[in-house]
Amino acid sequence: MSDFEGLSTCTRCDLSLTRQRVVIGSGPLSARLMIVGEAPGRTEDEGGAPFIGQSGRLFFTLLSEEVGLTRDECYVTNVVKCRPPANRTPTPKEIDTCRPWLIEQLDTVTPRFIVTLGNTAGRAIFNYPAGIGRVHGHVFRSGALRGLPTYHPAAALRGGPRVVEVMREDLRVLRRLLESE
Ligand code: URA
């Protein structure tokens with residue numbers, strides 16, 4: 001776990017008033033793959049690490065089965081580092097206020113591949129206008145960096161086997177990308 005200077009005590013937005021912990025990120029700063037979600041949930045707010053609850057367990061099971069990578073081989077973070085009350089979607093202002101921290105993480109880790117989970121993370125990073133149903137599994141390129149949006153695992157927990165299967169297909173696209181490098 002790395003401590004980006006000042007992030008663990010950040011008060012740039014009002015989410016600092018209701019959070020328990022700033023959830024910075026986890027994994028090696030040398031990771032080739034960065035996983036970016038929306039914002040911490042209750043389990044992450046209490047535990048201080050991203051995707052340690054039910055949806056994280058689902059995603060990392062799929063990643064391991066389809067790509068052969070473990071959580072410890074990826075750098076994992078969220079576009080917003082503090083839990084929004086009642087797990088509401090972060091506002092555009094909160095996302096913009098938190099964006100410099102995400103940029104600092106991207107500049108530090110310099111991943112070759114990014115997987116975004118859900119529309120909030122996908123739009124914050126790739127800036128696409130369509131919904132996740134249209135863009136999931138498509139590869140975005142920016143210089144040497146390649147990005148792949150897929151569904152949020154919480155949507156798969158709600159949506160059942162059909163969404164899980166789509167996420168598996170998206171992750172197989174990622175596996176082929178990793179193998180082609
Ligand atoms: N959902 C997210 O988007 N991020 C987490 O860290 C946990 C749940």
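The shown structure was predicted, so the numbers you read here are calculated from the model rather than taken from an experiment. Just follow the structure's listing: the first ligand is 1, and inside any ligand the first atom is 1.
- Panel note: side chain Arg57, backbone Phe51; no donor-acceptor pair is recorded below 3.5 Å.
- Classified by interplanar angle (parallel below 30°, tilted 30° to 60°, perpendicular above 60°), the ring pair Tyr128/Phe140 is tilted.
- Distances below 4.0 Å separate heavy atoms of Pro50 from the following atoms of ligand 1: 6 (O).
- Shortest contact from atom 4 (N) of ligand 1 to any protein heavy atom: Asn78 OD1, 2.7 Å.
- A cation-pi arrangement is present between Arg71 and Phe60, with the terminal nitrogen or guanidinium carbon under 6.0 Å from the aromatic centre and inside a 45° cone about the axis.
- Using modelled atom types, no side-chain atom of Glu181 and backbone atom of Leu178 make a donor-acceptor pair closer than 3.5 Å.
- At least one N or O atom of Glu38 sits closer than 3.5 Å to an N or O atom of ligand 1.
- Side-chain polar atoms of Thr70 and Glu73 form a donor-acceptor pair below 3.5 angstrom.
- Residue contact check: Gly37 has heavy atoms under 4.0 Å from atoms 3 (O) of ligand 1.
- The shortest N or O to N or O distance between Ala39 and ligand 1 is below 3.5 Å.
- Of the residues listed (Thr43, Leu15, Asp45), the one engaging Arg83 in a side-chain contact (heavy atoms from CB on, under 4.5 Å) is Asp45, and it is the only one.
- Heavy-atom distances between Gly53 and ligand 1 stay at or above 4.0 Å for every pair.
- Nearest to atom 1 (N) of ligand 1 among the protein's heavy atoms is His152 NE2, 3.2 Å.
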